[in-house]
Participant: 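Following this message is one structure expressed as structure tokens.
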Amino acid sequence: MQSATFTLSPSLRLPKPRRQSSATLNPRFDPIHASASSKPNNLTPHTNGTLSASLPRRSWSLSSSSSNFKLRPWTSVPLVDSDAGTSRFQVRATAESAEESSESSSMFKTLELGALFGLWYLFNIYFNIYNKQVLKVFPYPVTVTGIQFAVGTVLVLLMWGLNLYKKPKVSGAQLAAILPLAVVHTLGNLFTNMSLGRVAVSFTHTIKASEPFFSVILSAMFLGEIPTPWVVASLIPIVGGVGLASVTEASFNWAGFWSAMASNLTNQSRNVLSKKVMVKKEANMDNITLFSIITVMSFFLLTPVAIFMEGVKFTPAALQSAGLNVQEVYIRSLIAALCFHAYQQVSYMILQRVSPVTHSVGNCVKRVVVIVSSVLFFKTPVSAINSLGTGVALAGVFLYSRVKRIKAKPKTA
């Protein structure tokens, strides 16, 4: 006689049932009441050796394959459709994967922005150091600025020629609108180099920290933007700190001071002028494209002025006659020019990713980094009062960048 085994899915084996007589089953078998067909509490053997068991509400499903019985798990609730369960699992898995993808994308963007800020500061530090070294031995700021625009123009043309960035299609009306911006951009960088050639790097950047003062004055005069009391209050430490640092500056001279002030005036005029002129941008005219066009225009504007004012002084013969190391001057000038273009390009890339207020705060931190690094590199003598003045001015700039977001309450009738 074949032996019958109960197999509980998936692999649990039950003991073999004993041969039973006509006697009733052990009462301990209850509460599972087995029945055959419609007769309760009885087990009826079938001819094929299988047992048909039915339970009220809870039941074991028995199936026969040869002599083996396979039992499905019993439950008091209806079985869930496997397709529905799979569907719910897939939806949950998709949601989790989308959430993980969003988190990884956010983390990547944060790291990318942090890298851009790091490059912005690094390029600015190298520009100021190498530019100062060149201006010390080659005191021709117009020529130096022209070289920087020339290198920037080459980089822009390569970027467009190699399709690294889309070449814009600019109309004559747009060029006419951009021209004033190019003029003040050229003057701003020229005056900065004139100041760097006369005074210490740290002092130039301390004076340039007063840019918000000129921004508020020019915006009120030409745009009708009346500053809030908070903005006006933030200008007090800026002006006071710059004045304190100027009085105690060891390398102070009026030419360097007024050149830095003129740089502030022209740079802020560029910002105000860009709002006043309202350059009509097409889809391909973003900030980076606008900066690239201004760089090319500045090169063509300044080159004839440099030749007229300072002559051709950057040839190997002219440098040798002045007793300079030609290779050293060329390498340092090239590095300064590359960093000059790179830090401004990265600055515009950051501006496309963050708000103007965040960019302004980053610019304030950048100025601190440049001042500290230049003092350490050139071993600039700095007194305690001078350091205090610089710190107060920079704190005022940071405060200005924060309170600028506070809007004046509209006057009610």
Side-chain angles (χ1 to χ4, degrees), residues 116 119-120 123 142-193 211 214-215 218-225 262-309 337-360 363:
L116 288 175
L119 289 174
W120 187 23
F123 287 141
V142 185
T143 301
V144 170
T145 309
I147 293 169
Q148 291 167 359
F149 285 133
V151 173
T153 299
V154 172
L155 292 176
V156 169
L157 295 178
L158 286 175
M159 181 176 66
W160 288 342
L162 298 175
N163 289 325
L164 299 177
Y165 207 83
K166 186 177 179 181
K167 183 179 179 181
K169 295 179 180 180
V170 188
S171 63
Q174 283 183 312
L175 289 177
I178 295 173
L179 180 59
L181 300 178
V183 171
V184 292
H185 178 76
T186 303
L187 292 174
N189 287 282
L190 174 59
F191 285 131
T192 299
N193 282 336
E211 283 183 350
F214 291 91
S215 176
L218 294 174
S219 296
M221 290 175 59
F222 296 102
L223 300 178
E225 296 179 358
S263 173
N264 288 340
L265 180 62
T266 52
N267 284 334
Q268 294 309 310
S269 297
R270 177 190 60 194
N271 296 338
V272 172
L273 194 62
S274 63
K275 296 179 183 179
K276 185 73 175 177
V277 174
M278 294 296 291
V279 177
K280 196 173 183 180
K281 296 183 181 180
E282 297 177 357
N284 60 349
M285 182 68 73
D286 56 8
N287 286 333
I288 295 177
T289 301
L290 181 61
F291 167 70
S292 301
I293 294 173
I294 288 175
T295 298
V296 176
M297 294 179 72
S298 296
F299 165 68
F300 286 106
L301 287 171
L302 192 60
T303 299
V305 177
I307 296 174
F308 176 77
M309 292 182 62
L338 290 172
C339 292
F340 169 76
H341 183 80
Y343 90 76
Q344 296 194 64
Q345 188 90 343
V346 173
S347 176
Y348 279 105
M349 292 171 66
I350 293 174
L351 190 58
Q352 286 186 330
R353 289 167 169 79
V354 300
S355 67
V357 174
T358 303
H359 188 271
S360 179
N363 191 48

Participant: Report the C-alpha distance between His185 and Phe149 in whole Å, list the side-chain angles of each, state the deciding distance to 0.1 Å, and finish with yes or no for side chain to side chain contact (heavy atoms under 4.5 Å, CB included).
Facilitator: CA-CA 11 Å; His185 178 76; Phe149 285 133; 3.8 Å; yes
Participant: Taking all atoms of both residues into account, what is the closest heavy-atom pair of Leu181 and Ala177, and its distance?
Facilitator: CG-O, 4.3 Å
Participant: From Leu179 CG over to Gln174 CD, what is the distance, rounded to the nearest 0.5 angstrom?
Facilitator: 13.5 Å
Participant: Rounded at 0.5 Å granularity, tell me how far CD in Gln344 sits from SG in Cys339.
Facilitator: 11.5 Å
Participant: Give me the atom names and distance for the closest heavy-atom approach of Ala337 to Ile147.
Facilitator: CB-O, 4.4 Å
Participant: As an exercise, state the distance from CH2 of Trp120 to CD1 of Ile350, rounded to the nearest 0.5 Å.
Facilitator: 5.5 Å
Participant: For residues Ile294 and Ala182, report the shortest heavy-atom separation together with the two atoms involved.
Facilitator: CG2-CA, 3.9 Å
Participant: Compare every heavy atom of Leu175 with every heavy atom of Met297, then report the nearest pair and how far apart it is.
Facilitator: CE-O, 3.9 Å
Participant: State, to 0.1 Å, how close Thr186 and Leu301 come at their nearest heavy-atom pair, and which atoms those are.
Facilitator: OG1-CD1, 4.3 Å
Participant: Pick one: which of Asn189, Asn193, Thr295, Thr153 meets side chain to side chain donor-acceptor pair (under 3.5 Å) with Gln148?
Facilitator: Asn193
Participant: Within this structure, what is the OG-CD1 distance for the pair Ser298 and Ile293, rounded to the nearest 0.5 Å?
Facilitator: 11.5 Å
Participant: Is the backbone of Phe299 close enough, under 3.5 Å, to the side chain of Thr303 for a donor and an acceptor to pair up by distance?
Facilitator: yes
Participant: Could you check whether any side-chain heavy atom of Pro168 comes within less than 4.5 Å of a side-chain heavy atom of Trp160, counting everything from C-beta outward?
Facilitator: yes
Participant: What's the spacing between Leu158 CG and Leu164 CG if we round to 0.5 Å?
Facilitator: 8.5 Å
Participant: Is there a side-chain contact between Val184 and Pro180 in this structure, where contact means two heavy atoms from C-beta onward sitting under 4.5 Å apart?
Facilitator: no
Participant: One pair to check against side chain to side chain contact (heavy atoms under 4.5 Å, CB included): Leu338 and Leu155. What are the steps and the verdict?
Facilitator: CA-CA 9 Å; Leu338 290 172; Leu155 292 176; 3.8 Å; yes
Participant: So, Thr266 side chain and Ala262 main chain: donor-acceptor pair closer than 3.5 Å or not?
Facilitator: yes
Participant: Atom NE2 in His341, atom OG in Ser292: separation rounded to 0.5 Å?
Facilitator: 5.5 Å
